[in-house]
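In listed order, ligands and their atoms are each counted from 1.
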Amino acid sequence: MVARPLQELETEMLVLTVFEDELNNHDYFHALDEKLGGKIARIIESGEIQGKFREFTIMHVEGIGPKRILMMGLGKRKDFSLDRIRSIAANSSRYARRIHIKEMAIHDFSATGVDASDSAESIMEGVLLGMYRFDKYKSKKKSPSKLLESVTIVAGSDASVSALQTGAMKGSNLAESANFVRDLVNEPACFMTPAIFAQRAEEVAQKTGVAIQVLDQAAIEAEGMGAFLAVAKGSDEPPKMVVMEYTGKPGAKKIGIVGKGVTFDSGGYDIKPSAGMLRMYGDMAGAAATLGTIQAIAQQKLPINVVAVMPLAENLVNGKAFKPSDILTSMSGKTIEVLNTDAEGRLLLCDALTYIQKHHQPDVVVDIATLTGAAIIALGRTVSAVLTNEDALYQRLFKAGEYCGERVWQLPLYEEFRSQLVSDVADIESVGGRSAGTITAAVFLKEFINEGQPWMHIDIAGTSMMEEEIARYVKNPYLPKEGGTGTGTRLLYHFVESFVES
Ligand code: BES
Ligand code: ZN
Ligand code: ZN
């Protein structure tokens with residue numbers, strides 16, 4: 001963080017930005033361009049730089065501090081957002097890495113009217129999320145001597161330095177937590193069993209001082225979690241349930257978060273076709289996002305309380321596995337007729353929801369899960385589905401999503417959908433047929449929510465992982481082209497932060 005005239009800054013590469021519709025309005029680098037004899041102004045006049053979003057030009061310059069200038073287009077001012085800052089920062093740092101530069105500088109964006117702290121937060125998020133790679137299992141890693149090591153944010157004024165510092169620290173923490181979630185999701189199932197996930201959670205607890213309890217199979221049985229246990233029966237890997245408690249301010253609101261942790265979803269006896277099974281090592285993305293959230297909240301020391309519950313199991317097939325038409329008794333006492341063993345996530349979640357309400361009395365409960373393929377059909381790969389029994393919760397989450405670039409959209413929880421889950425033999429069926437699959441999954445969960453308990457469900461089946469053909473049209477430079485996106489952590493962080501009383 002420095003507040004210094006741009007032309008005096010010693011840097012390998014300085015990023016400058018221009019709005020498409022205000023090409024001549026760039027007072028902030030006027031002095032620098034004077035030193036260059038008006039070189040940038042001439043290039044702009046020639047039409048070579050148009051300022052279109054993410055369009056860039058590199059210039060090698062002499063006689064001033066920076067050795068190179070990367071001109072980046074911001075697009076039209078009316079379309080400007082924090083997310084565009086993230087994208088520009090990601091593009092710039094990826095470009096720096098490509099040309100083997102170890103250090104770069106970028107100006108803050110407070111001149112555009114955004115808050116200085118938000119500006120630095122978004123820059124750091126863009127850089128760190130954009131630099132992410134999962135190359136743990138490659139024997140030939142990219143040489144570390146070629147990695148970007150430092151980014152300088154140039155403050156528009158001395159007055160904004162401290163806000164920029166706070167924002168940069170927050171952005172780094174959030175992006176590092178999201179990258180941690182990506183790592184968890186990207187581990188194949190052979191290296192991410194319920195027990196290994198629980199170990200990772202123990203490490204987070206140790207690092208952050210958050211209290212942790214790991215329930216083993218016997219403890220889960222003692223709680224009577226018959227729905228959760230049924231899913232785990234078909235695997236040699238025993239189930240675990242991780243419970244973490246962060247106390248940031250005794251007496252303040254307590255937010256409960258429950259995340260689906262199916263470390264591999266084969267579908268069970270209702271087995272998935274191979275194409276659909278391939279990426280099901282990522283079916284613990286809800287639990288990973290939950291762990292990332294509590295880590296980020298603890299690191300930022302938010303004055304709020306969070307309890308997180310992560311039920312973990314593998315959905316496989318063997319001679320003991322649960323079967324379609326089995327009837328299960330959940331922790332709540334409600335009986336469930338299993339219509340399809342591939343609808344396993346709701347079975348983990350219903351017991352975890354009962355558990356968190358019984359033992360922790362949270363003011364608000366949110367669950368996050370890769371729950372239904374139907375969420376991808378409804379909202380695609382960039383918007384998560386949300387259902388709630390209290391609209392005010394959705395309003396908060398929507399705001400959080402718009403702020404951090406992890407977008408959400410609400411689906412209705414109308415009473416009539418309950419009729420799709422009526423069972424002849426048990427209290428409820430586990431599946432409500434093909435229509436409105438994301439909604440009926442949420443309606444199932446709602447059956448396990450106590451009267452008057454504010455609750456919200458987030459379905460991240462579409463948004464938790466990226467695929468190359470989707471990346472081609474999503475074109476988001478701070479998301480990976482393949483694998484875990486880390487979705488949920490930044491979203492839930494900002495949601496929880498909205499409950500902090502100032
Ligand atoms: N884990 C899947 C949902 C999923 C699908 C996540 C695609 C990510 C990408 C879930 O357990 C599942 O299989 N759901 C079934 C439910 C159905 C049997 C009612 C589905 O969506 O097909
Ligand atoms: Zn499934
Ligand atoms: Zn699943």
Side-chain angles (χ1 to χ4, degrees), residues 185-186 189 192 194 197 227-228 230-235 239 258-289 310-317 321-326 336-352 367-385 387 411 417 420-421 423 428-445 457-467 469-470 482-485 487-488:
V185 170
N186 286 336
M192 190 47 65
F197 188 102
F228 174 10
V231 176
K233 272 175 25 185
S235 167
V258 174
K260 169 179 172 182
V262 174
T263 56
F264 192 78
D265 182 10
S266 72
Y269 275 101
D270 288 295
I271 201 153
K272 286 181 184 292
S274 10
M277 199 190 297
L278 187 60
R279 300 193 195 279
M280 282 300 145
Y281 59 83
D283 210 22
M284 32 57 77
M310 292 151 266
L312 302 150
E314 264 189 345
N315 188 21
L316 298 186
V317 280
F322 79 137
K323 298 168 282 291
S325 74
D326 279 359
I336 303 165
E337 180 187 2
V338 175
L339 290 201
N340 187 316
T341 60
D342 199 8
E344 84 297 339
R346 60 197 75 183
L347 300 176
L348 272 69
L349 291 176
C350 71
D351 279 345
D367 73 76
I368 180 161
T370 48
L371 206 60
T372 64
I376 312 175
I377 307 297
L379 295 172
R381 311 301 296 244
T382 54
V383 183
S384 301
L387 299 98
L411 297 177
F417 291 111
Q420 286 178 241
L421 294 171
S423 165
I428 191 169
E429 281 182 352
S430 70
V431 171
R434 267 179 60 78
S435 68
T438 303
I439 298 177
T440 53
V443 170
F444 175 89
L445 296 177
H457 162 65
I458 311 174
D459 194 331
I460 55 168
T463 51
S464 61
M465 284 176 107
M466 188 53 81
E467 285 170 34
E469 62 211 78
I470 294 141
E482 191 76 55
T485 57
T487 218

Tabulated below should be the N or O atoms of ligand 1 paired with protein N or O atoms at under 3.5 Å; can you produce that?
unit_1   : atom_1 : unit_2 : atom_2 : d
ligand 1 : 1 (N)  : Lys260 : NZ     : 3.4
ligand 1 : 1 (N)  : Asp265 : OD2    : 3.2
ligand 1 : 1 (N)  : Asp283 : OD1    : 2.9
ligand 1 : 1 (N)  : Asp283 : OD2    : 3.0
ligand 1 : 1 (N)  : Thr370 : O      : 3.4
ligand 1 : 11 (O) : Lys260 : NZ     : 3.2
ligand 1 : 11 (O) : Asp265 : OD2    : 2.9
ligand 1 : 11 (O) : Asp342 : O      : 3.0
ligand 1 : 11 (O) : Glu344 : OE1    : 2.8
ligand 1 : 11 (O) : Glu344 : OE2    : 3.0
ligand 1 : 13 (O) : Lys272 : NZ     : 2.8
ligand 1 : 13 (O) : Asp342 : O      : 3.1
ligand 1 : 13 (O) : Asp342 : OD1    : 2.8
ligand 1 : 13 (O) : Asp342 : OD2    : 3.0
ligand 1 : 14 (N) : Leu371 : O      : 3.4
ligand 1 : 21 (O) : Gly373 : N      : 2.7

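- In terms of the side chain to side chain contact (heavy atoms under 4.5 Å, CB included) criterion, residue partners of Glu429 (sequence neighbours excluded) are, by chain and number, Glu337, Leu339, Ser423.
- Looking at Thr463, its side chain never comes within 3.5 Å of a backbone N or O of Thr382 through a donor-acceptor pair.
- Closest non-hydrogen pair, Gly432 versus Leu421, comes out as N-CD2, 3.5 Å.
- Checked for salt-bridge contact, Glu469 and Arg381 miss the test: no charged N lies under 4.0 Å from a carboxylate O.
- Taking backbone and side-chain atoms together, Lys260 has an N/O/S atom less than 2.8 Å away from the Zn ion (ligand 3).
- Taking both residues in full, the closest heavy atoms of Phe444 and Ser430 are given as CE1-CA, 3.9 Å, listed atom of the first, atom of the second, then distance.
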Report task. Go through the steps for Gln420 and Ile439 under the test side-chain contact (heavy atoms from CB on, under 4.5 Å), then give the verdict. Result -> CA-CA 10 Å; Gln420 286 178 241; Ile439 298 177; over 6 Å; no

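- Contact detail for Met192 and Thr263: the closest heavy-atom pair is O-CB, 3.0 Å.
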Considering only distance and modelled atom types, tabulate donor-acceptor pairs under 3.5 Å from the side chains of residues 280-288, sequence neighbours left out.
unit_1 : atom_1 : unit_2 : atom_2 : d
Asp283 : OD1    : Lys260 : NZ     : 3.3
Asp283 : OD1    : Thr370 : OG1    : 2.4
Asp283 : OD2    : Lys260 : NZ     : 3.1

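- Of the residues listed (Leu411, Ile377, Leu379), the one engaging Thr438 in a side chain to side chain contact (heavy atoms under 4.5 Å, CB included) is Leu411, and it is the only one.
- Here the protein contributes Asp265 OD2, Asp342 O, Asp342 OD1, Glu344 OE1 as N, O or S atoms under 2.8 Å from the Zn ion (ligand 2).
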**Report entry** Evaluation steps, side-chain contact (heavy atoms from CB on, under 4.5 Å), between His457 and Arg346
**Finding:** CA-CA 11 Å; His457 162 65; Arg346 60 197 75 183; over 6 Å; no

